[in-house]
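Heavy-atom basis, side chains included; hydrogens, waters and symmetry copies ignored. By convention in this document, chain letters (A, B, ...) are assigned in the order of the sequence lines, proteins followed by strands, and residues within each chain are numbered from 1.
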2 protein chains.
Amino acid sequence: MERIEETNPQVKQAKPRGRPRSFDRATALEKAILAFWEHGYEATSVSDLTRVMGIGAPSLYAAFGDKRALFEEVVLEYGRRYGSFGDRALAEEPTARAAVERMLREAAVEYTAPGRPHGCLVIHAATNCTSAEVEESLRDRRNANIAAFESRIRADIAAGELPADTDAAALARHAGAMIQGMSQQARDGASREELEALAEIAMAIWPRT
Amino acid sequence: MERIEETNPQVKQAKPRGRPRSFDRATALEKAILAFWEHGYEATSVSDLTRVMGIGAPSLYAAFGDKRALFEEVVLEYGRRYGSFGDRALAEEPTARAAVERMLREAAVEYTAPGRPHGCLVIHAATNCTSAEVEESLRDRRNANIAAFESRIRADIAAGELPADTDAAALARHAGAMIQGMSQQARDGASREELEALAEIAMAIWPRT
DNA sequence: GTATTTCCCTAGCGGTCGCTACAGAAAGAC
DNA sequence: GTCTTTCTGTAGCGACCGCTAGGGAAATAC
C-alpha cells in the first residue's frame, strides 16, 4: 500500500533492497488490460499475457499474484482509465435524463475508439467462464450500475424533475440494456455514427417533463 | 442426407449394416444444446459434453464429427427449437412495428423460461473464443437478423406504413440492441416481468403513424 | 570487498484440453 | 454357424493450461 509519507523527501526515494524490477508495472498492466479486453478472461492464457506484457511468467506472478488477481486489478484499472464516463455523467449532469443521454452518446465514442478493443470489458470479458466467481464479480458490477441509474432517477422523481408515475426501475433497466446492446453492436462491427444514431432515438422513451 | 424415398415402404426400414447406435441422437443433441447454451462454446469441454450426453467420446465423434461440427449442428437445431420466434414474428405480423413489438414481448418470455438457460445462445455462446471462425459465424447470424429487421422496415416505409423520413437502419439496429440487451439482462438475473416492462417502454421510440 | 535481498530465466510440474488407436461387442448377410 | 460392418469402452496420445522450484543476476547494506 502507498503511504502518505511518499511526499516526504526523506522517505520519497527509499529504494527497495534487492534487484529492481526490469519492467514498468503500469505499462505491463495496460497491456494486460488490452489483452483481457479483447479476448476475455478465459481465452487469454498466461502465455498470451507474458507475451504481450513482455515479461516471463515468474515475473508476472511475482508482480500481480495469479491470473485471477491480475484480472481483478485489470478490471479496477479499466474502470479508472476507460469505464468512468458513466459515473462522471451521473455525477456531473443536473438530471438523470441528461446523465443517461450523455452516457449513451459518450458510449458510442468510447466503444468504437480506434486503437483499442471495441465494446466494454465489464460487459464482455467474463462471459462463458469456467470460474463462476469471475463471472459473478462482473455481473455484480453491471447490476450495480443499473441500481445507480435507478436511484438517480428516483431522486429526480422526488425532486419533481420527472413525473410521479415514472417507472424508475424500468427506465434504469432500459439504460442498462441500451449500454449493453450498444457494446455488443460495437463488438459486432457497428460504427460510431451508427451507435450515435442509436443513442439518439433511444432517448425518445423518456417521459416529457 | 435424407432421401425422398423415405416414405417408400420398400426403403423405409432399410436398417444399416453394423451394430446399431445405442443412444438416441436427437436426445443427445438436445443435451449438447443445453450445455453449449449455458456455458458457451469454449467453456464446454468435450468431457462435459460426453457426461451430459451420456455417451463416450468415440461415440460423440462418430455421430457428430468434432466439437466444432457438433456446435454448428447445435446452433442450427437451437434456431429451429428455440430461436425462431423472431423470424415467425417478422413473417406473420402485418407491420414491422407489430413484428418487433411481438418479438420483444416474446423474448422476455423465452429468455427467462424456467428449466433452461436464460438469454440467447446465438448472442452469448461464441464470445471470448479462441477460434475466430466460431465467433464470426454467430456474429454473422446476429448481423443478418438486424439486416432482416431493416429490410422489413424499408418495406413498411415504401408501403406508407411508416413515415418516409424514418431512419430504417437506426430503427433496425435499435431492435437488435434491445434484443441483445434483454438477453444480457436475462443472463444477469432479470425476471420475465422486468424484461416485459423493458420491451413495453422500448416501443415508444417508434414513429407515430 | 562480502552478505543480503529481490528479481529474472530455464525448465518442468500435474492437470486438462480435443481427439483417436485399438480391441471387443452387437447387429445384418450369407 | 462364419464373415462383415458398425458401434462402444478403455486407455492414452501430444499440446496446452496455470503455476512454480531453483539457480544465477543485479541491486543495496555493511
Discussion item. Between Ile146(B) and Gln185(A), does the side-chain contact (heavy atoms from CB on, under 4.5 Å) criterion hold? Intermediate values first, please.
Written reply: CA-CA 10 Å; Ile146(B) 295 178; Gln185(A) 300 278 320; 3.3 Å; yes

Across the strands shown, which category fits [X] at heavy-atom distances under 4.0 angstrom: base, sugar-phosphate, nothing?
| X | result |
| --- | --- |
| Ser131(A) | nothing |
| Thr130(B) | nothing |
| Pro20(B) | sugar-phosphate |

From [options], pick the nucleotide closest to the side chain of [X]?
| X | options | value |
| --- | --- | --- |
| Ala57(A) | dC19(D), dC8(C), dT8(D) | dC19(D) |
| Arg19(A) | dT4(C), dA26(D), dG18(D) | dA26(D) |
| Val46(A) | dC7(C), dG28(C), dC19(D) | dC19(D) |
| Arg21(B) | dC19(D), dC8(C), dT8(D) | dT8(D) |

How close or far is atom [atom2] of [N] from atom [atom1] of [X], stated in whole angstroms?
| X | N | atom1 | atom2 | value |
| --- | --- | --- | --- | --- |
| Arg51(A) | dC9(C) | CZ | P | 16 Å |
| Glu42(A) | dG18(D) | CD | C1' | 11 Å |
| Asp48(B) | dC17(C) | CG | P | 7 Å |
| Met53(B) | dT8(D) | CE | P | 12 Å |
| Leu60(A) | dC17(D) | CG | P | 14 Å |
| Lys67(A) | dT20(D) | NZ | P | 14 Å |
| Arg17(A) | dA29(D) | CZ | C1' | 5 Å |
| Tyr41(B) | dC17(C) | OH | P | 13 Å |

Fill in: pair His118(B)-Asp188(B): side-chain heavy atoms closer than 4.5 Å
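Heavy-atom side-chain distance check fails, nothing below 4.5 Å.
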
[X] side chain N/O closer than 4.0 Å to the phosphate oxygens (OP1, OP2) of [N]?
| X | N | result |
| --- | --- | --- |
| Ser59(B) | dC7(D) | no |
| Ser45(B) | dT16(C) | no |
| Tyr61(A) | dT20(D) | no |
| Ser22(B) | dC7(D) | no |
| Ser47(B) | dG18(C) | no |

Worksheet item: Do the charged groups of Glu93(B) and Arg152(B) touch, with an N to O distance under 4.0 Å?
Response: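 Here Glu93(B) does not pair with Arg152(B) in a salt bridge, since their nearest N and O are not under 4.0 Å apart.
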
Worksheet item: Pick from Val100(B), Val122(B), Ile123(B): which one makes a side-chain contact (heavy atoms from CB on, under 4.5 Å) with Ile179(B)?
Response: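 Result: among Val100(B), Val122(B), Ile123(B), Ile123(B) is the only option passing the side-chain contact (heavy atoms from CB on, under 4.5 Å) with Ile179(B).
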
Worksheet entry | side-chain contact (heavy atoms from CB on, under 4.5 Å) between Tyr82(B) and Cys120(B), worked out | CA-CA 9 Å; Tyr82(B) 304 102; Cys120(B) 171; over 6 Å; no

Worksheet item: Want to settle it: does Phe23(A) or Arg68(B) sit nearer the 5' end of DNA chain C, counting the closest nucleotide to each?
Response: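 Comparing both residues, the 5'-ward one is Phe23(A).
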
Fill in: Worked verdict on Lys67(B) versus Glu42(B) for salt bridge (charged side-chain N to carboxylate O under 4.0 Å, His left out)
CA-CA 10 Å; Lys67(B) 185 188 177 184; Glu42(B) 203 85 37; 5.6 Å; no

